[in-house]
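I have placed the structure first, in the form of structure tokens, so that the comments after it can refer back to it.
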Amino acid sequence: GLMWSKSPDINTDGQIDVNDKLSYEEALSLAGTFNLAGYNDWRLPSIKELYALMNFSGLDPSGYSGTSTEDLIPFIDTNYFDFAYGDVNAGERIIDAQMATSTLYVGTTMMGDETMFGVNFADGRIKGYGTGPLPGQTEPKQFYVYFVRGNPEYGINDFEDNGGGTITDHATGLMWMQDDSKIAMNWPDALAMAEDFEFAGYNDWRLPNAKEMQSILDYTRAPAITNSAAIDPIFNTSLISDEGGNENYPFYWTSTTHASYQQDATGGYAVYVCFGEALGWMEQAPMSGNYTLMDVHGAGSQRSDPKVGDPANWPFGNGPQGDVIRINNYVR
């Protein structure tokens with residue numbers, strides 16, 4: 001029931017490039033005055049609204065060393081939406097196609113940065129991005145923008161405790177297990193657990209896809225602020241000891257494959273959703289070998305892990321922010 005602006009070509013010059021990007025504050029401000037197609041009630045979408053457009057037939061270009069994007073596949077349906085990767089002619093990376101939302105992280109990331117949750121349709125992730133300048137820069141981080149209007153109830157959960165260990169969300173029509181798996185496992189085992197699961201008189205349980213799992217995130221919660229996972233307390237959530245030995249909350253597997261140019265285009269990785277802190281090992285200085293574990297992307301992020309393997313092979317994580325690699329994640 002949502003209506004979207006078709007293109008992030010904000011300056012309407014016919015090209016989507018760095019000149020169309022806005023800071024978080026600029027995006028909020030422009031939404032208040034934006035007029036398109038005879039409507040003036042556009043808004044900057046929430047993280048749940050923008051994630052509605054995510055399409056996992058995309059191919060993550062992380063590790064791609066070329067400059068042409070002709071053979072790359074974004075994580076949005078380009079039959080309907082205009083899209084552009086990062087503006088390499090302006091010195092950006094191909095993956096710099098982060099989209100702004102109105103959803104701020106209730107906690108902070110990195111070294112105490114105010115953080116906005118954004119969707120990246122270039123690499124197929126939700127991450128928290130600092131709203132201020134990047135290190136060594138003076139201007140705030142810039143984002144592409146789609147605006148949205150209609151259905152103010154989208155993404156607002158309507159949970160009911162059915163008793164007997166299940167929760168129904170009347171907003172989506174989905175029934176959930178109130179408890180999680182209480183143990184971590186790799187992706188094939190997660191699929192097998194769901195396939196063979198019988199509970200509360202039902203035998204058609206499944207491992208949720210990425211959009212289903214993201215639908216039950218509660219972006220008003222974060223471990224450091226509410227001392228809870230990023231989910232309504234109507235659910236029971238396991239406690240874990242994280243990579244730093246601190247009390248935290250799990251990542252949860254989804255049934256959605258995350259194909260990547262660098263890792264395994266045939267589908268060796270799968271999507272998980274962070275209900276605890278989205279930790280990463282940040283190197284203190286390039287090539288220093290000194291790493292600090294921190295919440296790099298925020299509880300409520302969506303990333304990916306290898307479906308099988310030994311997490312010890314990734315002692316300092318993966319990617320620019322050293323995303324921790326667990327492989328053995330929890331199931332709901």
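All values reported here derive from a predicted model rather than from experimental measurement.
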So, [X] side chain and [Y] main chain: donor-acceptor pair closer than 3.5 Å or not?
X	Y	answer
K127	G118	no
N186	I327	no
S68	E70	yes
K307	T257	no
K48	L217	yes
D60	A259	no
T69	L72	no
Q302	G300	no
T168	H170	no
N40	G38	no

Query raised in the report: Is it true that the NZ or CZ of K21 lies under 6.0 Å from the centre of F143's six-membered ring and within 45 degrees of the ring axis?
Result: no
For the [atom1] atom of [X] and the [atom2] atom of [Y], what is their distance to the nearest 0.5 Å?
X	Y	atom1	atom2	value
S301	D295	OG	CG	7.5 Å
W176	I167	CH2	CD1	12.0 Å
S260	Y64	OG	OH	13.5 Å
D232	I216	CG	CD1	9.5 Å
F251	D323	CZ	CG	8.0 Å
M177	N236	CE	CG	9.5 Å

Can you confirm whether or not the ring centre of [X] sits under 6.0 Å from the ring centre of [Y]?
X	Y	result
F121	F83	no
F235	F159	yes
Y291	W281	no

Answer with yes or no whether the hydrophobic clustering places [X] together with [Y]; edges join I, L, V, M, F, W, Y residues whose side-chain heavy atoms lie under 4.5 Å apart.
X	Y	result
Y252	I47	yes
F117	I76	yes
I325	V308	no
Y80	Y51	yes
V331	I231	no

[X] versus [Y]: any side-chain heavy-atom pair under 4.5 Å?
X	Y	value
R303	C274	yes
Y330	T237	no
Y146	P8	yes
K141	Q98	yes
L207	T254	no
S255	R206	no
V271	Q214	no
L30	L22	yes

How close do [X] and [Y] get, heavy atom to heavy atom, and via which atoms?
X	Y	answer
P61	I95	CG-CG2, 3.7 Å
N19	N11	CB-ND2, 3.7 Å
T166	A200	CG2-CB, 3.8 Å
F56	T256	CG-CG2, 3.4 Å
L293	E243	CD2-C, 3.7 Å
V296	M282	CG1-CG, 3.7 Å

Query - Stepwise side chain to side chain contact (heavy atoms under 4.5 Å, CB included) test for E153 and D158 - result: CA-CA 10 Å; E153 302 300 314; D158 181 13; over 6 Å; no
Requested in this report: Please indicate whether E195 has more than 12 foreign heavy atoms, meaning atoms of other residues, nucleotides or ligands, lying under 6.0 Å from its CD.
Outcome: no
Query - D242 and R326: CA distance, side-chain angles, deciding distance, side chain to side chain contact (heavy atoms under 4.5 Å, CB included) verdict - result: CA-CA 10 Å; D242 67 25; R326 291 180 181 163; 3.9 Å; yes
Query raised in the report: Yes or no on side chain to side chain contact (heavy atoms under 4.5 Å, CB included) for S241 and E247, after CA distance, side-chain angles and deciding distance?
Result: CA-CA 5 Å; S241 178; E247 190 175 274; over 6 Å; no
Query - Chi angles and distances behind the side chain to side chain contact (heavy atoms under 4.5 Å, CB included) call for T131, L104 - result: CA-CA 9 Å; T131 58; L104 289 177; 4.1 Å; yes
Query raised in the report: Checking side-chain hydrogen bond (donor to acceptor under 3.5 Å, both in side chains) for the pair E114/Y24: CA distance, chi angles, key distance, verdict?
Result: CA-CA 11 Å; E114 180 187 64; Y24 167 73; over 6 Å; no
Query raised in the report: For D77 and N55, what are the C-alpha separation, side-chain angles and deciding distance, and is it a side-chain hydrogen bond (donor to acceptor under 3.5 Å, both in side chains)?
Result: CA-CA 7 Å; D77 192 337; N55 184 342; 4.7 Å; no
Query raised in the report: Given S238 and D180, is the side-chain hydrogen bond (donor to acceptor under 3.5 Å, both in side chains) satisfied, shown in steps?
Result: CA-CA 7 Å; S238 293; D180 60 27; 2.7 Å; yes
**Report entry** With F147, the ring pair (Phe, Tyr, Trp, His ring centres under 6.0 Å) member among F34, W42, W4
**Finding:** F34
Query raised in the report: Stepwise, does the side-chain hydrogen bond (donor to acceptor under 3.5 Å, both in side chains) test hold for D113 with T115?
Result: CA-CA 6 Å; D113 297 343; T115 298; 5.9 Å; no
